[in-house]
Amino acid sequence: MKLLPLVPLLLGCLCAAAQPAPRSLTPRTGAFRFGPAATIAADRALLPLARYAAEYLGCPVQERMAGDRTVALVLDGAASDSPEAYRLDIAPDRIVVRATTPGGVFNGLQQLFRLLPPEIYARRGIAPGTTVPCLSIVDSPRFAYRGMMLDVARTWMEPAALKRYVDLLSYHGINKLHLHLSDDEGWRIEIRSHPELAAVGGFRGGDSPVRPVYGKWDEKYGGYYTQEQMRELIAYAALRNIEIIPEIDLPGHSRCIASVRPEIRCDYPADTASTNGYDYRSAWCVAREENYALLEDILGELCALFPSEYIHIGGDEVDAAQWQRCPDCRALMRQRGIDDPHRLEDLFMERVAAILARRGKRPAVWNEAVRTGAFARDCRVYGWESVKACLAATEQGYPTVVMPGESFYFDMRQTPTEEGHDWAAIFDARKTFGFDLAARGFTPERMRHVVGLQGAFFSEAYIGHEPEKPDYIDYMCFPRICALSRIAWSGNAEGWEAYYSELIAEHYDRMAAMGIRFRLFPPKIAYRDGVLSAETDDGSELFYLCDDDSEEHPYTQPLRTAQPHRYRFVARRGTGRSPYTAHKSYYRTIAPALTIATSMGESAQFPYTNASTYRGIARTRRACRQNDWVLYTFAEPVRCREIFLQTGNRQLPKTILTTGYAEVSYDGRTFRRIGDLERGSIRLRPDRPVKAVRLVSTCDDNGTPYVTLQPPQIKPVL
């Protein structure tokens, strides 16, 4: 028989899903024992939830409420301060979950699950004899909005993968899924009145007018959700207390739809010389009246499809220079007495908001859309750029979802040596957990306009990490989503150390049972007196690799070595893993004098000296073509153990030489082919001093207007 201790481990069980101890908990004598006689009973309106619970508990469902050994789900009309509040009562003969709404009952069920062994998430039923202590819990969330944004435009996710993601969010108390359905690189929702938007714009590469970017260069890649599939997803999420909020990003981030419907762009000839003929403009023309008719069709279908009160219409990162070049937009500015082209965005968004209003919907927008303060106050603002942007929105009286990238963009890298973006910040779950609204300037008056918190995962880098597998998205999102859930549900008053103890003692095993490939914190590495050691504090097993050997060896004792840079360490526990971590000598680089030249011209804004002096990125003047080249020439031959040359963004393969090879020269005159580029980059391990390296393109395009050059990373001989 499995018996969960009553006290003092009771609070640990309640925190097992990285949720806080509830607002009210009253321990009672005895325990409820699951066995063959246990059943689930529910009010008629809650029968779908009863069947959901049965998948996990393995108990049959009945409609009548009578009988011992019953888990009863009850809608109670009693007043509550929150529609998501619940009461969980466990007695020796009965468990009752009651709330005023199905969402509250769902929250109560999740609390019950946290009292049970982690294996419940395998959906194979409770082992006979499992007991749960008698108690009474009353709880409700801090914020009514606890959200996560998922970008399915850049990296396509099949409906089954999206359902899995919904399940994982629901286990953690997230109740809003903001779906980023369109962007420059993809259109992911069927519009029946304009089927070409998804049928063509849902794919890039191959014969699609949308060029490939981020990866999968040699195939036609993508997909889209039919309206029937989306209805099923909406219902699937709703049962799990998650509202799906759709986003069509307007009026910028629209290169994909503009590639399918070129007439939506401004009326002037595009300069396509730098992109080898690809029209890179990404904004809707504000002055073109036909555009609003098209948007009536698109948004009309979205309003009918999605029950959400809000439709997210974007409003971020619009290139207003396109409107300045458009004669029709300039005429509209003169007509309206406008001298700032950014005011055109206000006009566009007002027209779009009116389309929604006629269908009983409200607009949700990114914070740039309300920068002038002219947009209607009934919109919901998503503050992503910074805390300052969130404060400005609340100061103007806009209902605001707080999600500054520096703490809540889970596509950011978690340490400087890991993969991911870094433009907002480099942070892990500890920083997310530590986000303190009051300390960041949210006064009681501003808090009146904060509707909740949200995380985000933009998926540009996901496509380069086997998106058909969940490893990368899980690793980037968990346990950062756990920390988000915690502070959105009740705050962080207990402090990081107490929370981290709960995470490793209880919730790591739960995430493993959920099948999450979560991230462990890096091992601590030390090197002293010729001894290299590694340790963790989370119960994980340690392994190490030596040099380029891919085989992991169990770490059982410190390693005696004069060359600590040869070793890397990784921790594993269940389905979790840490980043590979090494002694600081492994990462040490040198910066020998260098010049860079290419056949693709030089960007005035990002000159080659940025990269050749190791200060930042450089860019060419145009995209690559076959036989284009980049030449790195050292002032003196460089003796080193490794040279890493990278084109494109550091965090993802965009603006790269999509295919090519590298040639090395030891004398600066004679070059020898040494290897092919992989994702626009190559790692060389020369056996003698190198004078120059040349990268040669074998492709005709990279889907963008230039090639980015990163500063070389050169590791010394140690």
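Values in this document were obtained by computation on a predicted structure and should not be read as measured data.
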So is [X] actually on top of [Y]'s ring, under 6.0 Å and inside 45° of the axis?
{"X": "K715", "Y": "Y586", "value": "yes"}
{"X": "R154", "Y": "Y462", "value": "no"}
{"X": "R480", "Y": "F478", "value": "no"}
{"X": "R683", "Y": "F644", "value": "yes"}

Any chance you could lay out the side chain to side chain donor-acceptor pair (under 3.5 Å) test for W384 and E368, step after step, and finish with the verdict?
-> CA-CA 9 Å; W384 72 276; E368 295 101 311; 2.8 Å; yes

Would you call the rings of [X] and [Y] parallel, tilted or perpendicular, where under 30° means parallel and over 60° means perpendicular?
{"X": "F410", "Y": "F408", "value": "tilted"}
{"X": "H465", "Y": "Y472", "value": "parallel"}
{"X": "W284", "Y": "F348", "value": "tilted"}

May I have the list of side-chain donor-acceptor pairs in residues 206-216 shorter than 3.5 Å, sequence neighbours left out?
from: D207; atom 1: OD1; to: K220; atom 2: NZ; distance (Å): 2.7
from: S208; atom 1: OG; to: F203; atom 2: O; distance (Å): 2.8
from: S208; atom 1: OG; to: V210; atom 2: N; distance (Å): 3.0
from: R211; atom 1: NH1; to: T275; atom 2: O; distance (Å): 2.8
from: R211; atom 1: NH1; to: D701; atom 2: OD1; distance (Å): 2.9
from: R211; atom 1: NH1; to: D701; atom 2: OD2; distance (Å): 3.2
from: R211; atom 1: NH2; to: N276; atom 2: O; distance (Å): 3.1
from: Y214; atom 1: OH; to: E185; atom 2: OE2; distance (Å): 3.3

Of the options Q563, H565, R566, which is the one that meets D547 in a side chain to side chain donor-acceptor pair (under 3.5 Å)?
->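 Filter result, single survivor: R566.
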
Looking at [Y] and [X], is any side-chain nitrogen of the basic one under 4.0 Å from a carboxylate oxygen of the acidic one?
{"X": "R281", "Y": "D279", "answer": "yes"}
{"X": "R261", "Y": "E196", "answer": "yes"}
{"X": "R204", "Y": "D184", "answer": "no"}
{"X": "E418", "Y": "R413", "answer": "no"}
{"X": "E552", "Y": "R572", "answer": "yes"}
{"X": "E642", "Y": "R685", "answer": "yes"}

Please check if the side chain of [X] supplies one atom and the backbone of [Y] the other of a donor-acceptor pair under 3.5 Å.
{"X": "S578", "Y": "V570", "answer": "no"}
{"X": "T620", "Y": "V707", "answer": "yes"}
{"X": "T432", "Y": "R430", "answer": "no"}
{"X": "R188", "Y": "G223", "answer": "yes"}
{"X": "T155", "Y": "S459", "answer": "yes"}
{"X": "Q646", "Y": "R650", "answer": "yes"}
{"X": "D428", "Y": "Q414", "answer": "no"}
{"X": "K691", "Y": "A635", "answer": "yes"}
{"X": "Q322", "Y": "A283", "answer": "yes"}
{"X": "Q710", "Y": "G648", "answer": "yes"}

Could you give the distance from [atom1] ([X]) to [atom2] ([Y]), rounded to the nearest 0.5 Å?
{"X": "I617", "Y": "T647", "atom1": "CD1", "atom2": "OG1", "result": "12.0 Å"}
{"X": "T708", "Y": "N649", "atom1": "OG1", "atom2": "CG", "result": "5.5 Å"}
{"X": "Y268", "Y": "C285", "atom1": "OH", "atom2": "SG", "result": "9.5 Å"}
{"X": "L709", "Y": "F606", "atom1": "CG", "atom2": "CZ", "result": "12.0 Å"}
{"X": "I656", "Y": "L677", "atom1": "CD1", "atom2": "CG", "result": "8.5 Å"}
{"X": "D411", "Y": "D151", "atom1": "CG", "atom2": "CG", "result": "8.5 Å"}

Heavy atoms only: give me the nearest [X]-[Y] pair and the separation to one decimal.
{"X": "A692", "Y": "F634", "answer": "N-CD1, 4.5 Å"}
{"X": "P716", "Y": "R641", "answer": "O-NH1, 2.8 Å"}
{"X": "T609", "Y": "R615", "answer": "O-NH2, 3.9 Å"}
{"X": "F458", "Y": "M149", "answer": "CZ-SD, 3.5 Å"}
{"X": "P689", "Y": "Y666", "answer": "O-CD2, 3.1 Å"}
{"X": "C640", "Y": "V717", "answer": "C-CG2, 3.5 Å"}

Indicate yes or no: at least one non-hydrogen side-chain atom of [X] is less than 4.5 angstrom from one of [Y].
{"X": "P579", "Y": "R519", "value": "yes"}
{"X": "E345", "Y": "W323", "value": "yes"}
{"X": "F457", "Y": "M148", "value": "yes"}
{"X": "L652", "Y": "H421", "value": "yes"}
{"X": "Y224", "Y": "L197", "value": "no"}
{"X": "T589", "Y": "I714", "value": "no"}
{"X": "P159", "Y": "M230", "value": "no"}
{"X": "E385", "Y": "R371", "value": "yes"}

Should M403 and W366 be marked as a side-chain contact (heavy atoms from CB on, under 4.5 Å) after you check the CA-CA gap, both sets of side-chain angles, and the distance that decides it?
-> CA-CA 10 Å; M403 54 179 300; W366 298 112; 3.9 Å; yes

With distance as the sole criterion, is a donor-acceptor pair present between the side chains of D628 and S599 under 3.5 Å?
->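 Yes.
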
State which residues pass salt bridge (Lys or Arg N to Asp or Glu O under 4.0 Å) with R625; sequence neighbours excluded, sorted by chain then number.
->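 Once residues adjacent in sequence are excluded, R625 has no partner under the salt bridge (Lys or Arg N to Asp or Glu O under 4.0 Å) criterion.
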
Would you sort out whether T595 and S612 count as a side chain to side chain donor-acceptor pair (under 3.5 Å), showing the intermediate values?
-> CA-CA 6 Å; T595 59; S612 65; over 6 Å; no

Step-by-step side-chain contact (heavy atoms from CB on, under 4.5 Å) determination, D474 to R164 = CA-CA 11 Å; D474 286 6; R164 174 185 181 270; 2.6 Å; yes

Step by step, would you call Y225 with W156 a side-chain contact (heavy atoms from CB on, under 4.5 Å)?
-> CA-CA 10 Å; Y225 305 106; W156 163 243; 3.4 Å; yes

Let me see the working for Y382 and H312 under ring pair (Phe, Tyr, Trp, His ring centres under 6.0 Å), right down to the final yes or no.
-> CA-CA 9 Å; Y382 287 68; H312 201 301; 4.8 Å; yes

Pair C256-S182, side-chain contact (heavy atoms from CB on, under 4.5 Å): steps then yes or no = CA-CA 8 Å; C256 175; S182 78; over 6 Å; no

